[in-house]
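These figures come from a predicted structure and were not determined experimentally. The figures here come from the full heavy-atom set of this structure, side chains too, leaving out hydrogens, waters and symmetry mates. So that the names make sense, note that chain A is the first sequence line, chain B the second, and so on, each numbered from 1.
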Number of protein chains: 2
Amino acid sequence: MAGLAGRALDAALSKAGARVAAADERLTDSRRRVLELLLKAGGPVKAYDLIAAYGQGGAKPPTVYRALEFLERLGFAHRLESLNAYVACPRSGEVHAAAFLICECCGATVEIEPGVADRVERAAGAHGYSLRGLTLEARGLCPACRTGDGH
Amino acid sequence: MAGLAGRALDAALSKAGARVAAADERLTDSRRRVLELLLKAGGPVKAYDLIAAYGQGGAKPPTVYRALEFLERLGFAHRLESLNAYVACPRSGEVHAAAFLICECCGATVEIEPGVADRVERAAGAHGYSLRGLTLEARGLCPACRTGDGH
DNA sequence: CTTTCCCTGTTACGGTATAACATCCTGAGG
DNA sequence: CCTCAGGATGTTATACCGTAACAGGGAAAG
Ligand SMILES: [Zn+2]
Ligand SMILES: [Zn+2]
Ligand SMILES: [Zn+2]
Ligand SMILES: [Zn+2]
């Protein structure tokens with residue numbers, strides 16, 4: 001799944017550490033470990049799979065959910081609502097509205113930037129709403145699954 | 001929550017019955033009952049609240065989840081992924097990509113049509129994906145909650 | 001040193017959803 | 001009428017997802 005490994009992984013983690021420090025927060029062991037697992041996976045991972053993969057005596061659910069909440073808050077990860085899963089953000093550390101393409105066949109996801117914020121903002125305004133966050137998840141078939149190469 | 005009642009509710013249910021028949025499907029008792037509960041509520045409802053409200057000797061989870069799946073498939077209801085809740089569609093019976101404004105304070109929701117399908121379609125194409133469904137959920141504050149009239 | 005604040009560990013629980021299988025109903029065809 | 005096939009439901013049990021509540025620890029400020 002195009003996950004990171006070796007030096008690229010180390011570099012990503014170092015960079016994350018710097019960004020976290022710049023935000024006056026702490027990249028603690030459990031936060032760093034969960035981010036590492038997400039980066040290695042290179043795709044959506046379920047919370048309980050993170051718990052199982054955590055290693056080192058394991059982790060209990062609250063540990064992992066707290067780390068995920070932190071990573072999401074700082075822009076290192078996103079939650080995929082329609083999959084109950086989490087994924088590392090390729091723009092690690094920039095908080096932003098995320099949008100995803102999700103393959104219904106193999107589960108592959110791509111983070112996209114369709115540029116819809118302005119239209120949603122306008123629709124919100126028309127109903128008197130102020131906008132504070134946006135979830136966009138598109139379901140479809142990835143190139144491999146369209147041609148039968150899936151799985 | 002602007003739910004339907006009395007004649008308006010009966011009319012909506014009759015219309016649903018006709019649409020279902022036109023699609024060569026059946027609006028069975030449990031499906032009709034769940035749709036009725038969603039229409040009465042006039043807003044998002046949790047599956048287990050539907051189960052509790054079902055009455056008539058009650059319903060077990062699979063009964064209600066099956067009805068919800070059916071209603072979603074035929075365009076009578078949508079699932080709100082970020083709330084784990086379900087809501088009747090004001091365009092009952094037209095299958096379409098739904099988009100929602102959700103108040104973070106009071107939970108009020110509005111179904112909108114921001115017209116973003118074209119842009120998402122283009123982004124999907126750029127990644128080789130074919131598009132088959134779209135979930136858009138915007139979080140913010142409704143007019144009442146913005147001015148402190150909430151709750 | 002002590003206070004404060006944040007982060008963590010642990011237990012236990014509640015909410016969400018589905019698997020698996022038996023049963024029943026309905027409508028088409030003989 | 002009878003039978004058969006497909007879809008819908010009933011039932012039990014279980015798996016999965018997420019959080020409440022409280023105790024403990026560690027760094028940094030005063
Ligand atoms: Zn992102
Ligand atoms: Zn695929
Ligand atoms: Zn709708
Ligand atoms: Zn509100």
Quick test: give all pairs of protein nitrogen or oxygen and nucleotides 23-30 of chain D nitrogen or oxygen below 3.5 Å, distance rounded to 0.1 Å.
none

ring-ring contact (aromatic ring centres under 6.0 Å, His included) against A/H96, all qualifying residues, sequence neighbours excluded
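Partners of A/H96 by the ring-ring contact (aromatic ring centres under 6.0 Å, His included) criterion, ordered by chain and then number, come out as A/H78.
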Under 4.0 Å, counting only non-hydrogen atoms across every strand here, what does A/E69 touch: a base, just sugar-phosphate, or nothing?
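Since no nucleic acid heavy atom lies under 4.0 Å of A/E69, the category is nothing.
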Tell me whether B/R119 is salt-bridged to A/D118, with the criterion being a basic N under 4.0 Å from an acidic carboxylate O.
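Yes, charged N to carboxylate O under 4.0 Å.
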Answer yes when B/R79 and B/E72 have at least one side-chain N-carboxylate O distance shorter than 4.0 Å, and no when they do not.
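No, no charged N to carboxylate O under 4.0 Å.
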Distance check: side-chain N/O of [X] vs OP1/OP2 of [N], anything under 4.0 Å?
{"X": "B/K60", "N": "D/dG10", "value": "no"}
{"X": "A/S30", "N": "C/dT8", "value": "yes"}
{"X": "A/T63", "N": "C/dT8", "value": "no"}

For A/R73 and A/E69: C-alpha separation, side-chain torsions, deciding distance, then whether salt bridge (charged side-chain N to carboxylate O under 4.0 Å, His left out) applies.
CA-CA 6 Å; A/R73 182 161 53 83; A/E69 182 191 20; 6.0 Å; no
Taking all non-hydrogen atoms of both residues into account, name the closest pair between B/A85 and B/P44 and its distance.
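In terms of heavy atoms, the two residues are closest at CB-CB, 4.0 Å.
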What are the two closest heavy atoms between B/K46 and B/L83, and how far apart are they?
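Looking at all heavy atoms of both residues, the closest pair is NZ-O, 3.1 Å.
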Could you pull out the protein-nucleic contacts involving nucleotides 15-19 of chain D (nitrogen or oxygen on both sides, under 3.5 Å)?
from   : atom 1 : to    : atom 2 : distance (Å)
D/dC17 : OP1    : A/K46 : NZ     : 2.8
D/dG18 : OP1    : A/R79 : NH1    : 2.6
D/dG18 : OP1    : A/R79 : NH2    : 2.5
D/dG18 : OP2    : A/Y65 : OH     : 3.1
D/dG18 : N7     : A/Y48 : OH     : 2.8
D/dG18 : O6     : A/Y48 : OH     : 3.4

B/T135 and A/R139: side-chain donor and acceptor closer than 3.5 Å?
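Side-chain D/A pair, B/T135 to A/R139: present.
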Does any donor atom in the side chain of B/S82 or A/E81 lie under 3.5 Å from an acceptor atom in the other side chain?
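No, because no side-chain N or O of B/S82 sits under 3.5 Å from a partner of the opposite role on A/E81.
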Go through C/dC7, C/dC21, C/dG9 for me and flag the one nearest to the A/R66 side chain.
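It is C/dG9.
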